[in-house]
Structures are given as C-alpha cells and as structure tokens.
Amino acid sequence: MVRANGAVSLRELARVVQTSEVTVRRDVRALEAEGLLDRRHGGAVLPGGFTRESGFPQKSHLATAEKTAIADLAAGFVEEGEAIVVGAGTTTQELARRLARVPGLTVVTNSLLVAQALAHANRVEVVMTGGTLRGSNYALVGSGAEQSLQGLRVSRAFLSGSGLTAERGLSTSNMLSASVDRALVQAAGEVVVLADHTKLGSDTMFQTVPTDLITRLVTDEPPGHDDRAATELQALADQGVQIAVANGSGVARGPGQPGMEGGPGDRRGPRRDVPLPGQRRNHPPGGGAGGPQLRSAPSLSETSGGRVADLAPRRR
C-alpha cells in the first residue's frame with residue numbers, strides 16, 4: 001500500500017487488514033527496520049526523510065475522515081463578505097468546497113484545486129495568483145505568485161503543510177511552496193492552520209509559519225494512545241495558539257462532557273475550542289488606518305455551539 005500510494009495511515013491499514021492499530025504499528029516498526037518504509041506520526045511513507053514529499057494522489061487518501069471534520073469546523077470561522085486567502089493542500093481543498101456556500105466571500109488562492117472547488121459558487125469571487133504551475137500539488141509557485149501577493153491585505157489565511165511542531169511551527173518539504181505560503185501569511189491579519197493529528201509532531205525541511213504567527217489550529221481528535229500528538233497540542237497551547245478540535249465522526253468530545261453539534265443551519269459544525277488569554281505575539285499587521293476595513297471572524301467565545309476544552313496553558 002505504501003508503494004502504491006506513497007503514504008498510508010495506521011488507521012487505514014488497520015481497517016484494510018481488519019486488525020488493531022497496535023498490531024499494525026508493530027508490523028510497520030518491523031518493516032522500517034528492514035529499510036522498506038519510514039514511520040511517520042500516525043502512518044508510514046516511502047523512505048526519503050525530511051526532503052520527501054508525497055504528491056496529491058497519495059495525500060488525498062490519507063486521513064480523509066479527519067480532513068472532512070477539520071474542513072467542516074474551519075468553515076465556521078468564515079463570515080459572509082470576508083476576504084481571505086486559502087493555500088494549497090488536500091485539507092484546504094475540502095475547506096473550499098464548504099466555502100462555496102458563504103455569500104459575498106472573496107478567496108485569494110494559489111491552488112488550482114481550491115479555485116476549481118469554488119468555480120461554480122455564485123456569490124464567491126475567486127482571485128488567483130500568478131506563478132508557475134507545480135504539478136505535484138496543482139499549486140502556483142515562484143516569483144510570479146509571490147509578486148502578485150504584494151500589497152494584498154485580507155482578514156485571515158487558511159494554510160496547511162507537511163508537519164507542525166510547537167518548536168518550529170508549520171513546515172513543508174518544498175522550498176517554492178514554502179516561499180508562497182510565507183507570502184500568503186504576510187497578506188493576512190490572522191493565520192489559521194489546518195492540520196490533522198498525523199502531522200502533529202512531524203517536522204519537515206522548510207519552515208512556512210513560525211508558531212508565534214499561528215493564531216488558531218484546527219485539527220482532529222488524536223487517538224487515545226497518541227501521546228505525542230497530545231503533548232504537541234499542549235505545547236502549542238502553551239505558546240498561545242488557540243486550538244479547535246473535531247473528531248472524524250463529526251462530534252467533538254471532552255472528558256466528562258457529551259458531544260456537541262451546531263444547530264440547524266449552523267455551518268460551523270461541532271467544535272471543541274481552547275481559548276487562550278493575552279495577545280498573540282508578532283502578528284502580521286492588520287488593516288490599519290487608510291487600509292481596507294475587513295470584517296474579522298467572531299472570537300471563540302462568541303461562536304454558538306462551542307465549548308471550552310480541558311486543554312489550557314500550563315502555569316509556569
């Protein structure tokens with residue numbers, strides 16, 4: 001399966017071979033010892049280390065349920081009439097499909113897949129960057145893409161990547177993609193990272209968004225045995241990142257609390273929010289005096305259907 005797809009999740013392997021994730025994890029460890037694959041957080045990939053990047057066909061088969069839940073949750077942070085940027089990736093593509101229902105939205109993107117998902121949305125304006133097409137992920141990259149973003153100002157950026165750690169923030173395996181993502185960040189007042197639990201604790205070659213520039217992380221519920229992902233989430237919270245969590249079944253749960261879902265017509269869907277006190281450090285400048293007045297998203301405490309999770313910054 002790894003040779004066919006480039007990457008595979010432990011959860012998917014367990015489902016296909018009809019055994020437990022514990023058994024699959026043991027077998028993957030044995031295959032890694034033979035040099036046949038590399039273990040990654042929550043899955044396995046072909047050998048290649050920090051520089052290897054799976055293409056779109058491989059990524060589209062990984063953590064599909066988790067990406068769907070993340071996209072459902074992230075769409076709830078977008079308001080009518082907003083101007084946003086959406087980066088390239090399979091998770092952001094899922095988000096774009098849901099944004100097609102948001103009236104008056106303006107979406108700036110370097111992703112052909114995001115643009116395609118919004119192409120037939122009647123009340124959504126799509127603005128594409130220039131640049132050179134990178135076929136492995138259907139994204140426009142290079143100096144043309146970066147120059148087209150100069151002078152742009154939007155309320156927030158929605159980005160994905162190959163790995164996310166509290167130490168380095170969001171990262172990717174490709175230098176050109178990283179440069180465009182940095183330009184997208186510079187255009188936004190807030191940065192929202194979409195990353196499923198398999199990316200938590202993974203680190204790749206090129207940093208795109210340092211942790212202190214990430215306003216919010218939207219992720220899925222890590223498996224109970226996944227201590228590494230839970231530790232990374234706590235470390236991100238300690239550094240001031242707001243965490244919103246949804247699990248693959250569409251219901252967010254916390255210790256001793258029932259699952260909660262949005263009411264009828266609530267695009268936000270289920271969520272588990274972790275508000276953190278204080279201001280974020282070193283935000284990219286927002287629309288200041290003389291600049292466009294952009295509508296900001298509601299705070300976590302203002303959104304309906306949300307609740308406070310047990311995750312909070314530890315006292316030093």
Side-chain angles (χ1 to χ4, degrees), residues 40-41 45 48-56 59 62 67 70 74 84-96 107-114 129 131-132 134 136-150 152-219 232-233 235-236 239-243 280-285:
R40 286 293 180 267
H41 191 50
V45 299
F50 281 94
T51 59
R52 179 175 179 81
E53 181 182 31
S54 300
F56 172 77
K59 291 180 179 179
L62 283 175
K67 291 173 183 177
I70 290 168
I84 63 174
V85 295
V86 179
T90 53
T91 311
T92 51
Q93 180 189 22
E94 286 294 327
L95 171 64
V107 177
V108 181
T109 185
N110 69 319
S111 169
L112 298 187
L113 297 175
V114 168
T129 69
T132 302
R134 184 167 179 258
S136 61
N137 64 345
Y138 301 94
L140 297 171
V141 298
S143 60
E146 295 172 40
Q147 290 172 10
S148 66
L149 293 166
Q150 291 181 2
L152 179 71
R153 174 58 54 189
V154 298
S155 56
R156 61 184 49 77
F158 291 86
L159 299 176
S160 187
S162 302
L164 178 64
T165 66
E167 181 180 359
R168 289 188 71 217
L170 191 66
S171 62
T172 186
S173 302
N174 182 265
M175 180 173 63
L176 294 176
S177 295
S179 295
V180 175
D181 281 353
R182 293 189 198 106
L184 292 173
V185 168
Q186 291 300 314
E190 295 181 0
V191 178
V192 181
V193 171
L194 313 181
D196 64 78
H197 72 273
T198 65
K199 297 177 181 179
L200 297 177
S202 295
D203 198 4
T204 50
M205 194 168 183
F206 298 99
Q207 182 191 57
T208 57
V209 190
T211 305
D212 61 2
L213 293 186
I214 300 174
T215 308
R216 177 178 292 131
L217 166 65
V218 184
T219 187
E232 205 66 49
L233 278 178
L236 288 162
Q239 295 200 35
V241 178
Q242 298 176 20
I243 313 292
R280 300 287 297 120
R281 305 186 307 279
N282 302 327
H283 265 312

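For reference, positions follow the sequence shown, starting with 1. What's counted below: heavy atoms across the whole structure, side chains too, no hydrogens, waters or symmetry copies.
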Let me know which of Val193, Leu164, Val241 forms a side-chain contact (heavy atoms from CB on, under 4.5 Å) with Thr211.
-> Val241

Which atoms form the tightest heavy-atom contact between Ser202 and Ser162, and what is the distance?
-> CB-O, 4.4 Å

Sidechain-backbone polar pair: Thr215 side chain, Glu190 backbone, donor-acceptor under 3.5 Å = no

Are the side chains of Val108 and Val86 in touch, meaning some heavy atoms are under 4.5 Å apart?
-> no

Excluding sequence neighbours, so at least two apart, what forms salt bridge (charged side-chain N to carboxylate O under 4.0 Å, His left out) with Glu232?
-> none

Does any N or O in the side chain of Ser160 come within less than 3.5 Å of the main-chain N or O of Gly89, such that one atom is a donor and the other an acceptor?
-> no

Is any side-chain heavy atom of Ser179 closer than 4.5 Å to a side-chain heavy atom of Glu146?
-> yes

Partners passing side chain to side chain contact (heavy atoms under 4.5 Å, CB included) against Leu176 (at least two apart in sequence or in another chain) = Val141, Asn174

Taking all atoms of both residues into account, what is the closest heavy-atom pair of Thr129 and Ala145, and its distance?
-> OG1-CB, 3.9 Å

Do the side chains of Leu217 and Leu200 get nearer than 4.5 Å, heavy atoms only?
-> yes

For Ala96, what residues pass the side chain to side chain contact (heavy atoms under 4.5 Å, CB included) criterion, not counting sequence neighbours?
-> Val114, Ala117, Leu118

Let me see the working for Thr219 and Lys199 under side chain to side chain donor-acceptor pair (under 3.5 Å), right down to the final yes or no.
-> CA-CA 10 Å; Thr219 187; Lys199 297 177 181 179; over 6 Å; no

Scanning both residues in full, the closest heavy-atom pair of Leu194 with Thr91 reads CB-CG2, 3.8 Å

Rounded distance (nearest 0.5 Å) linking atom CG of Leu233 with atom NE2 of His197 | 10.5 Å

Heavy-atom distance under 4.5 Å between the side chains of Glu94 and Ile70, does that happen here?
-> no

Sorted by chain and residue number, the side-chain hydrogen bond (donor to acceptor under 3.5 Å, both in side chains) partners of Ser111 (sequence neighbours excluded) come out as none

Gln239 side chain vs Asp212 backbone, donor-acceptor pair below 3.5 Å = no

On a heavy-atom basis, the closest approach of Ala178 and Phe206 is CB-CB, 3.7 Å

Which residues share a side chain to side chain contact (heavy atoms under 4.5 Å, CB included) with Ser171, sequence neighbours left out | Arg168, Asp203, Thr204

Taking the side chain as every heavy atom from C-beta outward, state whether Leu213 and Val185 have any atom pair closer than 4.5 Å.
-> yes

Indicate the atoms forming the closest heavy-atom contact of Gly142 with Val180, along with that distance.
-> N-CG2, 3.9 Å

Closest approach of Ala157 and Val85, non-hydrogen atoms and distance?
-> CB-CG2, 3.1 Å

Below 4.5 Å, heavy atoms only, C-beta onward: do Gln207 and Leu170 meet side chain to side chain?
-> no

Side-chain contact test, heavy atoms from C-beta onward, threshold under 4.5 Å: evaluate it for Leu149 versus Asn110 and give yes or no.
-> no

Side-chain heavy atoms of Ile84 within contact of Phe158, under 4.5 Å = yes

Under the side chain to side chain contact (heavy atoms under 4.5 Å, CB included) rule, collect the residues that match up with Asp181, sequence neighbours excluded.
-> Leu159, Leu184, Thr208

Find the distance between CG (Leu113) and OG1 (Thr92) and round it off to the nearest 0.5 Å.
-> 8.0 Å

